[in-house]
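Structure record follows, encoded as structure tokens.
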Amino acid sequence: QVQLVESGGGSVQAGGSLRLSCVISGGTASSMAWFRQVPGQEREGVAAIWPASGRTYYRDLFKDRFTISRDNAEHTVDLQMNNLRPEDTAMYYCAAGPRRPRLVYPSILAVDYNEWGQGTQVTVSS
């Protein structure tokens with residue numbers, strides 16, 4: 001069974017940076033993504049990647065500040081977050097799932113992922 005473990009969260013001031021990392025073990029995934037969730041709100045997709053090809057997709061809100069990448073040798077998928085804002089405060093989750101054949105880019109829909117990590121908290125102060 002695939003297991004995902006996130007790390008790298010923490011507290012930073014606005015304008016700062018954090019790098020989240022997700023280690024996958026027990027198997028591989030054709031599509032991986034980062035999501036975030038604020039209490040009382042729905043989980044929203046941030047960015048996704050197909051590890052085999054490196055193809056990426058970002059929600060428009062994040063494409064200028066966040067970068068998703070993978071290291072297939074280390075079985076990790078990272079999320080580099082720059083110029084963080086207080087509204088980026090959330091629990092960030094790593095997800096893994098199959099590549100959906102109908103798509104030409106990685107999905108950032110939670111319904112397309114079936115394996116989830118426990119999350120890592122990111123807090124941005126003003």
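Residue-environment remark: CD (Q118) stays at or below the threshold of 12 foreign heavy atoms within 6.0 Å. More than 12 heavy atoms of other residues, nucleotides or ligands shown are found within 6.0 angstrom of CD on E87.
Membership of the apolar cluster around Y105 extends to Y57, V104, I108, as traced through chained side-chain contacts below 4.5 Å between ILVMFWY residues. Cluster partners of V111, using a side-chain heavy-atom cutoff of under 4.5 Å among ILVMFWY residues and allowing indirect links, are L109.
Between P39 and Q41 the shortest side-chain heavy-atom distance does not fall below 4.5 Å. For the pair Q1 and E115, the minimum side-chain heavy-atom distance is below 4.5 Å.
In this structure, R99 does not pair ionically with D112, as no charged nitrogen and carboxylate oxygen lie closer than 4.0 Å. With respect to the salt-bridge test (charged N to carboxylate O, under 4.0 angstrom), the residues K63 and D60 qualify.
Remark: the backbone N or O of G119 is paired with a side-chain donor or acceptor of E6 at under 3.5 angstrom. The backbone N or O of W50 lies less than 3.5 Å from no partner atom in the side chain of R55, so there is not a single donor-acceptor pair. Using modelled atom types, one side-chain atom of R65 and one backbone atom of N83 make a donor-acceptor pair closer than 3.5 Å. Although no hydrogens or angles enter the test, the distance criterion places a donor-acceptor pair under 3.5 Å between the side chain of T120 and the main chain of G9.
Once rounded to the nearest 0.5 Å, the distance linking OG1 of T56 with CZ of R70 reads 10.0 Å. Here the CD atom belonging to Q13 is positioned 9.0 Å from the OG atom belonging to S126, to the nearest 0.5 angstrom. Remark: R36 CZ to M81 CE distance equals 9.0 Å, nearest 0.5 Å. Rounding to the nearest 0.5 angstrom, the gap separating the OG1 atom in T67 from the CD1 atom in I49 is 10.5 Å.
Cluster annotation: I68 and L61 are assigned to the same hydrophobic cluster (Ile/Leu/Val/Met/Phe/Trp/Tyr, side-chain heavy-atom contacts under 4.5 Å, transitive). M91 and V38 fall into different hydrophobic clusters, where Ile, Leu, Val, Met, Phe, Trp and Tyr residues are linked whenever their side-chain heavy atoms come under 4.5 Å apart, directly or through other members.
Of all the heavy atoms in P98 and N114, the pair that sits closest is CD-ND2, 4.0 Å.
Contacts of V12 classified as side-chain contact (heavy atoms from CB on, under 4.5 Å), with partners at least two apart in sequence or in another chain: L18, L84, V124. For N82, the side-chain contact (heavy atoms from CB on, under 4.5 Å) test picks out S17, Q80, with sequence neighbours left out.
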Show me the donor-acceptor pairs, under 3.5 Å and distance only, between side chains in residues 21-35 and residues at least two apart or in other chains.
| unit_1 | atom_1 | unit_2 | atom_2 | d |
| --- | --- | --- | --- | --- |
| S21 | OG | D78 | OD1 | 2.8 |
| S31 | OG | Y113 | OH | 2.8 |

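R43 forms a cation-pi arrangement with W116, by the criterion of a distance under 6.0 Å to the ring centre and an angle within 45° of the ring axis.
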Check: Step by step, would you call V46 with R59 a side-chain contact (heavy atoms from CB on, under 4.5 Å)?
Finding: CA-CA 6 Å; V46 175; R59 186 177 297 275; over 6 Å; no
Note to self: Working note: R19 + L79, criterion side-chain contact (heavy atoms from CB on, under 4.5 Å); need CA distance, chi angles, decisive distance, verdict.
What the structure shows: CA-CA 6 Å; R19 188 176 184 90; L79 184 69; over 6 Å; no
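Identified under the ring pair (Phe, Tyr, Trp, His ring centres under 6.0 Å) test for residues 62-93, with sequence neighbours left out: F62-F66.
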